[in-house]
Trainee: 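Dropping the structure in here first, questions after.
Note that the structure is a prediction, hence the values are computed from the model and not measured. All heavy atoms count here, side chains included; hydrogens, waters and symmetry mates do not.
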Amino acid sequence: MFIAVNKIAVPAEHRQAMLEAFEKSAPEMKRFSGFLGMEIWTEQDGTVLSVSRWESEEALKEYTDNPMFGKHHAGPSRGDHSSVSYYTGKVLI
């Protein structure tokens, strides 16, 4: 499994709109065959982590190369990516 974690610094006044945008756009990601799931975590300081799981790095690339990726990442309420990290992993339970 390939995991992408986007750590996003979001001004407090835009956080709710950004979270709602994630909820609205996430179901569209099911159209990508290698998409396994997505979670949104909010740290105590308000930083948002978008955690997406993919069958492979190539499956994630199919999404990031698609125009839908640009649509999902457009708009002022998205905040600034302070970092993107990638992991390989396995669900144990």
Side-chain angles (χ1 to χ4, degrees):
M1 176 176 18
F2 192 73
I3 302 130
V5 179
N6 296 299
K7 187 172 186 175
I8 310 162
V10 184
E13 64 271 14
H14 296 288
R15 191 170 304 117
Q16 188 59 40
M18 190 197 72
L19 294 171
E20 289 171 6
F22 269 113
E23 285 188 48
K24 181 180 177 186
S25 62
E28 295 176 330
M29 296 175 71
K30 291 180 182 179
R31 70 178 266 202
F32 295 93
S33 61
F35 177 69
L36 299 175
M38 177 179 235
E39 299 170 16
I40 300 298
W41 303 344
T42 304
E43 295 182 344
Q44 288 185 343
D45 69 359
T47 300
V48 174
L49 301 174
S50 166
V51 181
S52 60
R53 297 179 316 279
W54 303 85
E55 288 180 359
S56 64
E57 185 174 359
E58 294 77 23
L60 173 59
K61 185 165 176 25
E62 180 184 341
Y63 168 62
T64 59
D65 288 348
N66 189 287
M68 186 183 296
F69 177 81
K71 177 184 150 196
H72 287 170
H73 292 81
S77 65
R78 287 291 188 184
D80 296 321
H81 286 276
S82 54
S83 67
V84 180
S85 301
Y86 301 98
Y87 306 89
T88 56
K90 183 192 309 190
V91 176
L92 299 178
I93 299 176

Trainee: Check A59 against G34 and note the closest heavy-atom contact, atom names and distance.
Mentor: CB-CA, 3.6 Å
Trainee: Among the clusters formed by ILVMFWY side chains lying less than 4.5 Å apart, do M38 and F69 turn up in the same one?
Mentor: yes
Trainee: For a quick test of reading the model, state the closest non-hydrogen atom pair linking A4 to L60 and the distance between them.
Mentor: CB-CD2, 4.0 Å
Trainee: Looking at every heavy atom in both F32 and Y63, which two are closest together, and how far apart are they?
Mentor: CE1-CD1, 3.5 Å
Trainee: Could you list all the salt bridge (Lys or Arg N to Asp or Glu O under 4.0 Å) pairs where at least one residue sits in residues 29-42, not counting sequence neighbours?
Mentor: E39-R53
Trainee: Are V51 and L36 connected into the same hydrophobic cluster when the rule is that any two of I, L, V, M, F, W, Y join if their side-chain heavy atoms are below 4.5 Å apart?
Mentor: yes
Trainee: Should M18 and M68 be regarded as members of a common hydrophobic cluster, given that ILVMFWY residues are connected when their side-chain heavy atoms come within less than 4.5 Å of each other, either directly or indirectly?
Mentor: yes
Trainee: OG/S33 to CD/E55 distance, rounded to the nearest 0.5 angstrom?
Mentor: 6.5 Å
Trainee: Report whether V5 and Y86 are members of the same hydrophobic cluster (ILVMFWY, side-chain heavy atoms less than 4.5 Å apart, transitive linking).
Mentor: no
Trainee: Would a single hydrophobic cluster contain both W41 and V84, if residues Ile, Leu, Val, Met, Phe, Trp and Tyr are joined by side-chain heavy-atom contacts under 4.5 Å?
Mentor: no
Trainee: Among pairs that include at least one residue of residues 58-68, which meet salt bridge (Lys or Arg N to Asp or Glu O under 4.0 Å), considering only residues two or more places apart or in two chains?
Mentor: K61-D65
Trainee: So which heavy atom on D45 is nearest to which on R15, and how close?
Mentor: O-NH2, 4.3 Å
Trainee: Do you know the tightest heavy-atom contact between W54 and S52?
Mentor: NE1-OG, 2.9 Å
Trainee: Please find the pair of heavy atoms, one from F2 and one from S56, that lie closest to each other, and give the distance.
Mentor: CB-C, 3.6 Å
Trainee: Could you tell me the separation between the CG atom of L49 and the CD1 atom of I8, rounded to the nearest 0.5 Å?
Mentor: 8.0 Å
